[in-house]
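Working notes, beginning with the structure itself.
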Amino acid sequence: MATETIDVEDQLLPCSENDSKPGRKVTEAISYRHLNTSELTGTTPVREEEKVKIKSKDPTPELRTYNIKLGWVQGVLIPCLLNIWGVMLFLRIAWIVAQAGIALTIAIICLSGVVCVITTLSLSAICTNGELHGGGVYYIVSRSLGAELGASVGIMFAFANAVAASMNTIGFCESLNDLLKSHNMKIMDNDVNDIRIIGAIALFVMCLICAFGMDWETKTQNFLITIIVSAILNYILGVFIGPLNTQQDAKGFVGLKLAQAKKNLMPDFRYSENQEHNLFSIFAMYFPAVTGVQAGANICGDLKDPATAIPKGTLIALAISISSYLIMATLCGFAALRDASGHVEDLLAGNIDACKPNCPYGLHNNYGIMQLMALSSELIYAGCWAATLSTALTNLLSVPRLIQALGVDKIYPGLIFFSKRYGKHGEPYRGYVLTFLVSLLFLLIADLNTIAPLITNFYLASYALINFCTFHAAIVMSINWRPSFQYYNRWISLFGFLMCIVIMMIISWMMALLTVSIFLTLYLIVLYRKPDVSWGSSTEAQRYKEIISALVQMSYVTENVRTYNPQLLVLAGGPYLRPALLDLGQFITNTGSFMIVANIDECHLSYTERAMQQQVGEEWLHTRKERGFYVVVDGCSLEDGLRNLIQCSGLGRVSPNIMLIGYKNNWQKAPFNKVKTYVKLIQIAFDQQLAVAILRVPLTVPPRNATQVKHQNSQTSLQDEIHTQVLTIMNADSDIEIVIKVEEPDEDNAGESSPPPEEQQHITEQQRQRHGKSGVFRPLELNEENNLDSWWLYDDGGLNVLLSYIIAIRGFHAMPLRIFALARTCHRIEEAEAGMEALLHKFRVEFSCLKMIKGLYDPPQSETKEMFNMMIERFRTDVESDVLITNEELERLNQKTDRYLRLRELVIENSSNASLIVMSLPRPRPNTVSAALYMTWLEVLSNDLPPLLFVRGNDTSVLGV
């Protein structure tokens, strides 16, 4: 396909009728060719690839496991019960009663229940505030508090669930080992190695079950819940029947007795599992038992009605499970001894617990005492295995989908690999492999009591964030916060958040600090990457409210020179046409300001056309990560469009104070009215009290080693004093004094004169040979090895020096800043230079060289005069005009013209090799200078020179001391 070359000579940035040339059409066709305009019926146009991009940010509906949709019983109640009825139910609840006693065990269960109930209420409020999709807790938190918090909590929750799967698998292996030991059987050692072997096989099989799909997993869960309920009833029935023989009595099962309950009422904390236990260590051991309240939310993409199913199913499951834990713990305390020898002789002699603390039986010593107390020990084994494996199964099911959702949203680069979907239902097979490996790693620890406290902090941190989500959303009172679940309270959610944090610190302040450190690291990674997502979170709502409040407050704050920031209005037309302007604008505003990029189109645009231009401009700025806003003004002349922009753009103090435009390269060939319009734009900006900056990028570029640049009005007495000091040294405006002062001879002036014409011509030719063909359509390129020269000709508030300083010093690669200042003729050069240097140090402006301009009042070379006469030849007239040049005007402004011609010679002499020149812009005073003569002055000052930025402030001080 042939490529058409776009030749746009004019660097003037507002659109005009010239832009209707084929060049513009081709450019816009290139920019718009992917836009989908078929659906532009009153809405902003969206590209097809943009739709795909937006769709890919949402983990649904692709992350739904299958087209089966579950109700609240099958999708929430049963998974929550299976997750809560885990390893603690049959293997550790009796030991917890032995350590904490009946009273504290009930307190621990109730405290955990309070945390879970509050979290469930908060979770229900979030779940009923809009449509839920796949991704579980990550989706809920990220869409409520934003990507930073959601992704951090999602990673921690996924890790906790993966470790919980290994914990429950270890519980299954412990129970199986006990059964094998009772029959004098073993695989290797009846200890940790057997746990590792059996656990690895069990993990692999469970991952296969999850990978087969939701229907297999659902059938498995139904079978497991039946076994668990049967085992619980079997245990309760066995306790009420009591011991069937004296052997059971000797091993610590004495039946329901009030006297035994009194003995077991108070705590009896002991050294166990290499740790001296206390209330909080026991709480840390128990809490993972009730961490299944999020099971329904983990598969919210598979629910028929998540908003109704999650609160209903979770609360009922919590009530059933907590009641079952309370019943079983109480029965243990009423019906079993803490220590028992297991010998009938000791029972008959009345010293059954004489062997403590080294007894083999009893609540303290036998994790499998429930098998002894139940009516059928085999059913208790089956219930234990079902409880542990079902909890591990639900954990293994949720983690891969959560990781897949993170990968689809591209929050963390390392997880994008796991976003791939397999099969027609999009199964996260890669996530299953990762989950298996993480679970297997912790399974190798083979010690349940070591793993349980480890994941408690991660679950508590996740629950704390869920509660904080609800509190934050409710306190911000976003318009979009309208949960249908009304049984929540913002202050209760805050209390739940604080409770989780306090419990974390009390259990283990070191683990709490480690958890917080991991969370902050994950949070800062997302904050640094700034993912391109917008989910309408409460964080975004709060940020909006804060921004509006700050804007309103700023409107009532008196401006101060120390808070000045360059805020640009860039007349760029289509931003893709003139990247050099945006590069410079981004470089100036990158330190904390902004720019408004505007396109003024004189033609009336339809809504669709205007929306297309707006979208292309916004996408261009966003892609280049430039701090700016894009606006389109149509249906008015360039002058009226600029007035409208200046008067309406921005909000209060956050409004442009500098107009940045490109230099009109083709002004000598352009129609006279176009030249007049260009100069009129500059005059309008000055009339509206804006500073003006004009960038001229020559049709040449620097050498190849150049790098691309990516990158107030209150007049206090102190500032008045500083301004006065500047005026005593410099001229106040561009009406440079024309009284030639004869200066005393200076030996140093010998080398200061301008080079002869031949040498000037050699310099110009050398520049042309050194540079290659380019234009404003290339990105701005600066040779950072060379100097940045600031020609500060008169005091305009200091904007010339400030912008030079920003570009030279605050870039990624600093450039040496040289300042050329023009002193008033009443000062000696040495005095003026000393005074200027003192002022610059007071302004804290770093520079490599300060030089006072000499020889400005010498007559210009004849070759320079000839060049000037050739430039104005086309614009001469005998009739009075505000565009063309008359003889009377030339005579009246002859001396000023000579100063600019001589200034050109000085700039060529000193700055021909500079990377960028920043020069004070002459002000085009209406009815004083014609448009053609003014443009000739600018042409003389900038022709055949490196990139040059004309700058003129609005006489407001911008340099604070």
Side-chain angles (χ1 to χ4, degrees), residues 87-106 108-109 171 174-175 177-179 181-182 190 234-236 238-279 281-282 285-286 325 327-377 380-381 383-384 447-449 452:
V87 65
M88 300 300 167
L89 183 64
F90 295 106
L91 290 182
R92 288 298 184 271
I93 193 67
W95 177 81
I96 290 173
V97 173
Q99 291 280 349
I102 298 175
L104 285 184
T105 300
I106 293 175
I108 290 172
I109 295 174
E174 282 189 4
S175 177
N177 264 358
D178 290 340
L179 181 61
K181 186 183 296 185
S182 66
N190 243 174
N234 169 61
Y235 168 76
I236 296 174
V239 172
F240 275 98
I241 293 176
L244 300 177
N245 51 60
T246 55
Q247 187 64 37
Q248 289 183 329
D249 275 316
K251 291 182 178 181
F253 177 36
V254 296
L256 292 173
K257 293 181 180 179
L258 185 60
Q260 187 60 39
K262 292 180 180 179
K263 293 180 181 179
N264 292 338
L265 183 64
M266 303 309 293
D268 181 25
F269 297 116
R270 295 184 187 177
Y271 184 85
S272 175
E273 303 290 344
N274 301 318
Q275 181 182 0
E276 188 67 41
H277 288 284
N278 54 42
L279 173 63
S281 66
I282 299 301
M285 182 66 65
Y286 169 78
Y325 273 108
I327 292 172
M328 297 182 74
T330 303
L331 292 178
C332 283
F334 270 78
L337 302 174
R338 277 184 165 128
D339 298 280
S341 65
H343 301 297
V344 178
E345 297 81 9
D346 294 334
L347 176 65
L348 297 176
N351 56 355
I352 190 66
D353 59 350
C355 55
K356 68 177 182 181
N358 298 315
C359 297
Y361 297 100
L363 296 175
H364 264 301
N365 312 292
N366 182 14
Y367 291 143
I369 194 173
M370 283 193 174
Q371 285 89 331
L372 181 67
M373 302 171 67
L375 187 63
S376 170
S377 61
I380 290 295
Y381 276 117
C384 179
D447 185 2
L448 192 149
N449 289 6

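This structure is a prediction, so every number in the text was calculated from the model and none was measured.
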inquiry  = Could you work out, with side chain to side chain donor-acceptor pair (under 3.5 Å) as the rule, every residue matching His343, not counting sequence neighbours?
reply    = none

note = dist Lys257:NZ -> Lys262:NZ (nearest 0.5 Å) comes out at 14.0 Å

Solution key, residues 347-361 side-chain donor-acceptor pairs under 3.5 Å, sequence neighbours excluded:
none

ask   = At their closest point, which heavy atom of Pro243 faces which heavy atom of Val254, and how far apart are they?
value = CD-C, 3.9 Å

query = What distance separates Leu104 CG from Ile282 CD1, expressed to the nearest 0.5 Å?
reply = 10.0 Å

ask   = Out of curiosity, Leu89 CG to Tyr235 OH, how far, rounded to the nearest 0.5 Å?
value = 9.5 Å

key: Qualifying residues under salt bridge (charged side-chain N to carboxylate O under 4.0 Å, His left out), relative to Asp268, sequence neighbours excluded   = Arg270

remark   = When every non-hydrogen atom of Ala336 is compared with those of Leu363, the smallest separation belongs to CB-CD2, 3.6 Å

request  = Mind checking side chain to side chain donor-acceptor pair (under 3.5 Å) for Ser376 and listing every partner two or more places apart, or none if nothing turns up?
outcome  = Glu378

Nearest heavy-atom neighbours spanning Thr105 and Ala100 = OG1-CB, 3.7 Å

Side chain Arg338, main chain His364, donor-acceptor under 3.5 Å = no

inquiry  = Applying side chain to side chain donor-acceptor pair (under 3.5 Å), can you list everything that pairs with Asp447, at least two apart in sequence or on another chain?
reply    = Thr450

ask   = Under 4.5 Å between any side-chain heavy atoms of Phe90 and Gln371, yes or no?
value = no

task = Identify the two heavy atoms, one from Ser281 and one from Gln275, that lie closest to each other, and give their separation to 0.1 Å.
result = CB-NE2, 3.4 Å

query = What pair of heavy atoms forms the shortest contact from Ala374 to Asn234, and how long is it?
reply = CB-ND2, 3.3 Å

ask   = Which value, rounded to the nearest 0.5 Å, describes the distance between Ile102 atom CD1 and Leu331 atom CG?
value = 9.5 Å

task = Answer yes or no: is there a side-chain heavy-atom contact under 4.5 Å between Pro267 and Leu279?
result = no

query = Between CG of Leu375 and CD1 of Ile380, what distance do you get to the nearest 0.5 Å?
reply = 9.5 Å

remark   = All heavy atoms of Ala452 vs all of Met88, minimum pair found to be CB-CE, 4.0 Å

query = What residues, two or more places apart in sequence or in another chain, satisfy side chain to side chain donor-acceptor pair (under 3.5 Å) together with Asn365?
reply = Asp339

Listed partners of Ala335 passing side-chain contact (heavy atoms from CB on, under 4.5 Å), at least two apart = Val239, Phe253, Leu256, Met373

query = Which pairs count as side-chain hydrogen bond (donor to acceptor under 3.5 Å, both in side chains) when at least one residue sits in residues 89-102, sequence neighbours excluded?
reply = Arg92-Glu174, Arg92-Asn449

remark   = Residues passing the side-chain contact (heavy atoms from CB on, under 4.5 Å) test with Ser182, sequence neighbours excluded, are Leu179

message = Measuring from atom OG of Ser377 to atom CE of Met370, what distance do you get when rounded to the nearest 0.5 angstrom?
response = 14.0 Å

task = Applying side-chain contact (heavy atoms from CB on, under 4.5 Å), name anything that partners Asn245, two or more places apart in sequence or on another chain.
result = Gln247, Gln248

query = With Tyr286, which residues qualify under side-chain contact (heavy atoms from CB on, under 4.5 Å), at least two apart?
reply = Ile93, Ile96, Ile108, Ile109, Ser112, Ala289, Val290, Tyr325

